[in-house]
Amino acid sequence: MNATPSDANMTFGHDSRALRLHTLAWLRWLAIGGQTVTVLTVALVFGFPLPLFTCVALIGGLAALNLALSLRYPSTQRLSPEATLALLSIDLLQLAGLLYVTGGLGNPFAPLLCVPVIISFAAQPLRYSLALFAIALAATTALAFSIYEVPWYPGEELYIQPIMQTGMWCAVIATMAFAAFYVYRISSEATQLADALAATELILQREKHLTQLDGLAAAAAHELGTPLATITLVAKEMERELGPDDRFGEDVALLRSQSERCRDILRRLTSLSAEGEEHMRFLPLSSLVEEVMAPHRDFGVTLELVEKSGRAGEPVGNRNPGILYGLGNLLENAVDFAREKVTVTVEHTRERVTILISDDGEGYAPDVLAHIGEPYVTKRSRPDKAGGLGLGMFIAKTLLERSGARLEFYNGPDDRPGANVRIEWPRARMEAVNGK
């Protein structure tokens, strides 16, 4: 029987990034199966003495709980952090109890205590994972004082020296801590990267939508042209028939003049799409740079464009929203942190296209320079400026690298301090990407 939604909400959350109950249930069944096989093999195959009833009770209790949860809640149920902590704590304590009655830290399966902690650090908020780590630390310490011997051949005693017990305790805790930290870092970086890439895709969709508006305007103009022409024709006929009529003459003249005005507007929309299509879609390098620089000219910072190669023979391709957004974000960052001037240097050869964005600010902080382009790196050397190198920089770098560019971030020399971003494309690759 499945729980009603209200019942489920009392215990479990609906965070789409949380663990599913189905996932933990299957992991638990795997653990139950492994424990059962191990206990039966030790007791029946090797004939080692051990408290079989206690072991079966611990394994059976975990199986009963797992079955009850599987029947009560749907397999798609997402667990809240509190519920996940509770279930992983039960798993950890059950395993600790099983190890306690079978020799404690002398049991070769003691390192399995790390598993619930690793799962928590991979999927849980940090404070819940640390709480589980504290429980695991206490349980591991308790195992060092187990009064039960490790199952061994009847009549023989497998004595574990205290120094060996201490070594096992240190090994289990060290493994737990290292694996948990490693998994947490990997999981955290993967989550940040996934979120940042999702934001990148949303921006690309928005830019693509904006570039399609001119086509929609042209389609609307064509669709409205025919009925508007009919209205204009009828207005002309009415004006000719009524002549200098005092009651309706002025209204009919107004109707005809406004219909003519609407036709002129639609004509301009149609011509803008037809004549401006090349301007909007077929973009030379100089026009691309001008379009990137235009929104940033009136912010109290001088923008200087240096064209080393001139405009003769410059690369030409279709308008690419990703390149425009990426360059615009880099230029915006330079304007934000410049003192007085930002210089954009453009150079193209038969093999390469290079754009260099330089500002006269204080440059990148040394500890930030090595991490520029990673998600949520948000520092720069001027404390009076907020933000600057966060998700936007990651998105810009990602979009430009997708177009085939290679980016280099560095600070200027002592006589010309400031941040520099060098963006370089193979010329054939840039034209091919722009031409998509």
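- The backbone N or O of Tyr184 sits nowhere less than 3.5 Å from a side-chain atom of Ser187 that would complete a donor-acceptor pair.
- Side-chain contact between Arg422 and Glu424 is present, with heavy atoms from C-beta onward closer than 4.5 Å.
- Shown here for Arg352 and Pro426, the closest heavy-atom pair between the two residues is NH1-CG, 3.6 Å.
- Under the 4.5 Å side-chain criterion, counting only non-hydrogen atoms from C-beta, Leu356 is not in contact with Val421.
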Report task. Mind running side-chain hydrogen bond (donor to acceptor under 3.5 Å, both in side chains) on Thr141 and Trp169 for me, showing each step along the way? Result -> CA-CA 7 Å; Thr141 303; Trp169 183 91; 3.1 Å; yes

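- Here the shortest heavy-atom pairing between Trp425 and Gly404 reads CD1-C, 3.8 Å.
- To the nearest 0.5 angstrom, Gln35 atom CD is 10.0 Å from Thr102 atom OG1.
- Note that CZ of Phe337 and CG of Asp359 are 9.0 Å apart. Values are rounded to the nearest 0.5 Å.
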Query raised in the report: Can Glu290 and Arg297 be said to form a salt bridge (charged side-chain N to carboxylate O under 4.0 Å, His left out), step by step?
Result: CA-CA 10 Å; Glu290 287 292 345; Arg297 290 192 181 278; 3.1 Å; yes

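- Within the 4.5 Å cutoff, the side chain of Ile323 has no heavy atoms near those of the Val292 side chain.
- Leu285 is listed as a side-chain neighbour of Val353, based on a closest heavy-atom distance under 4.5 Å.
- Using modelled atom types, one side-chain atom of Ser129 and one backbone atom of Ser120 make a donor-acceptor pair closer than 3.5 Å.
- For the atom pair Leu113 CG and Met176 CE, the distance stands at 5.5 Å (nearest 0.5 Å).
- Taking 4.5 Å as the limit, every side-chain heavy atom of Leu330 sits out of range of all side-chain heavy atoms of Ile355.
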Report task. Give the intermediate values and the outcome of side-chain contact (heavy atoms from CB on, under 4.5 Å) for residues Ile90 and Leu65. Result -> CA-CA 10 Å; Ile90 292 173; Leu65 175 62; 3.8 Å; yes

Report task. Go through Ile118 and Tyr182 one step at a time and tell me if the side-chain contact (heavy atoms from CB on, under 4.5 Å) criterion holds. Result -> CA-CA 9 Å; Ile118 293 173; Tyr182 180 82; over 6 Å; no

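- In this structure the side chain of Val344 reaches within 4.5 angstrom of the side chain of Met293, judged on heavy atoms.
- The nearest pair of heavy atoms linking Ala96 to Leu143 is O-CD2, 3.3 Å.
- The side-chain hydrogen bond (donor to acceptor under 3.5 Å, both in side chains) test with Ser358 is passed by exactly one of Asn420, Thr345, Thr343: Asn420.
- With hydrogens and angles ignored, the 3.5 Å screen pairs a side-chain donor or acceptor of Asp360 with a backbone N or O of Arg339.
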Report task. In sequence, state the C-alpha distance, the side-chain angles, and the governing distance for Glu351 and Arg427, and then conclude on salt bridge (charged side-chain N to carboxylate O under 4.0 Å, His left out). Result -> CA-CA 5 Å; Glu351 294 80 21; Arg427 176 165 178 150; over 6 Å; no

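- No more than 12 heavy-atom neighbours from other residues, nucleotides or ligands sit within 6.0 angstrom of CZ on Phe145.
- Side chains of Cys114 and Thr175 form a contact here, defined as non-hydrogen atoms less than 4.5 Å apart.
- Distance check: Leu95 CG to Ile59 CD1 gives 10.0 Å after rounding to the nearest 0.5 Å.
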Requested in this report: With salt bridge (charged side-chain N to carboxylate O under 4.0 Å, His left out) as the test, would you mind laying out the steps for Arg28 and Asp91 before giving the verdict?
Outcome: CA-CA 8 Å; Arg28 183 176 285 164; Asp91 292 343; 2.7 Å; yes

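- The shortest side-chain heavy-atom distance between Val101 and Cys55 falls under the 4.5 Å cut-off.
- Once rounded to the nearest 0.5 Å, the distance linking CG of Leu132 with CG of Leu87 reads 11.0 Å.
- Judged purely by atom type and a 3.5 angstrom limit, Thr302 has no side-chain atom pairing as donor or acceptor with the backbone of Lys341.
- The minimum heavy-atom distance linking Ala25 with Asn66 is given by the pair O-ND2, 3.1 Å.
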Report task. Any chance you could lay out the side-chain hydrogen bond (donor to acceptor under 3.5 Å, both in side chains) test for Tyr128 and Glu82, step after step, and finish with the verdict? Result -> CA-CA 8 Å; Tyr128 295 98; Glu82 294 81 4; 2.6 Å; yes

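- The two residues Tyr410 and Tyr364 come nearest to each other via the heavy atoms O-CE1, 3.8 Å.
- Listed for the Glu314 side chain is a donor-acceptor partner under 3.5 Å among the backbone atoms of Ser286.
- Residues Val183 and Phe121 approach most closely at CG1-C, 4.3 Å, considering heavy atoms.
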Query raised in the report: Do Leu407 and Glu401 pass the side-chain contact (heavy atoms from CB on, under 4.5 Å) test, and can you show the C-alpha distance, the side-chain angles, and the key distance before you say yes or no?
Result: CA-CA 8 Å; Leu407 280 73; Glu401 287 178 343; 4.1 Å; yes

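- Ring-plane geometry between Trp26 and His22 is classed as perpendicular, the angle between the planes exceeding 60 degrees on a 0 to 90 degree scale with a lower cut at 30.
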Report task. In sequence, state the C-alpha distance, the side-chain angles, and the governing distance for Gln124 and Leu85, and then conclude on side-chain contact (heavy atoms from CB on, under 4.5 Å). Result -> CA-CA 8 Å; Gln124 285 276 84; Leu85 174 61; 4.1 Å; yes

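- For residues 106-129, there are no salt bridge (charged side-chain N to carboxylate O under 4.0 Å, His left out) pairs, not counting sequence neighbours.
- How far CG of Asn333 is from NE2 of His296: 10.5 Å, rounded to the nearest 0.5 Å.
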